[in-house]
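So the structure is just underneath, and the comments pick up after that.
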Amino acid sequence: MRAHLARVDAVLIQAVIAAALSFAHLHDLASAAGQHGWKAWAYPVSVDLLLVAAWRRLRSGGAKAAGWCWFFVALTASLGANVATAGLLDLGAVPAWLRILVAGWPAVAFLGGTLLAHTAHDAIGEPVPVMPEPTDPEPERRPAIAPSSVPVPTALVDHARKVAAEHRARTGAAIDTPTLRARLGVPAQLAEAIAAQL
């Protein structure tokens, strides 16, 4: 138990450190791209929330294509900020294309989060349409098949004889094919083949 707790504690500590570093890199990049004050702090929150929403979609067992798509979008934003602030980019002279990407990120994050949240809700909330069970066509619309060509197990014929005898004893009349079919729960062609052997 202690070993398990030690492993969990180590994982949590590592996750907190990684999240804090990634959070700081995203903040620094947003600030260098002209997003100052509270806006610079909102960028890492939006990236992390999109990652969490995508991860929840992947864990939910629903449609995973959208989850993977938005997970990689958020992961690319996070990794891009980490790499950009690692000394490969002069934060004092951020290129215009990067400023455009940073400025456009809120719309991307909003779109991804909204699609993930609402699609997951709709998939759970909508009832699954129930397809009607296929029914056998009416006898006049079926291609004619000779009853003798349908193989009938001997045990089924014996059971049908008992059903037919019980029907005659109860009603005083011979059992017809539709009634026999309903009592046995068999397809129409098989019922006809059985009736031919009674």
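Computed over heavy atoms, backbone and side chain alike; hydrogens, waters and symmetry mates excluded.
Rounded to the nearest 0.5 angstrom, L115 CG and F110 CZ are separated by 9.5 Å. Atom CG of residue L101 and atom OG1 of residue T76 lie 11.5 Å apart, to the nearest 0.5 angstrom. Note that the CG atom of L51 and the CZ atom of R56 stand 14.0 Å from one another [nearest 0.5 Å]. Atom CG of L58 sits about 13.5 Å away from atom CH2 of W70, to the nearest 0.5 Å. Annotation: the span from Q189 atom CD to I194 atom CD1 amounts to 12.0 Å, rounded to 0.5 Å.
Nearest heavy atom pair, residue A77 against residue V47, reads CB-CG2, 4.3 Å. When all heavy atoms of P44 and A40 are compared, the closest pair comes out as CD-O, 3.1 Å. Nearest approach of L50 to G113, heavy atoms of both residues: CD1-N, 3.6 Å.
Tracing side-chain contacts under 4.5 Å through hydrophobic residues (I, L, V, M, F, W, Y), one never reaches V52 starting from V45; they form parts of separate clusters.
At least one donor-acceptor pair closer than 3.5 Å links the side chain of R57 to the backbone N or O of L116. At distances below 3.5 Å, not a single donor-acceptor pair connects side-chain atoms of T179 with backbone N or O atoms of I175. The closest donor-acceptor contact from the side chain of T85 to the backbone of A81 lies under 3.5 Å. Between the side chain of R181 and the main chain of A191, no donor-acceptor pair closer than 3.5 Å is present.
Looking only at side-chain heavy atoms (C-beta outward), K162 and D158 stay at 4.5 Å or farther from each other. Within the 4.5 Å cutoff, side-chain heavy atoms of W105 are placed close to those of V73. You'll find the side chain of V102 stays beyond 4.5 Å of the side chain of R99, heavy atoms only.
The aromatic rings of F72 and W68 sit parallel, their planes meeting at an angle under 30°, below the 60° perpendicular limit.
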> Stepwise, does the side chain to side chain donor-acceptor pair (under 3.5 Å) test hold for S31 with D28?
Replying inline: CA-CA 5 Å; S31 181; D28 294 347; over 6 Å; no
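A salt bridge links E166 with R170: the closest approach of a Lys/Arg side-chain nitrogen to an acidic carboxylate oxygen falls below 4.0 angstrom.
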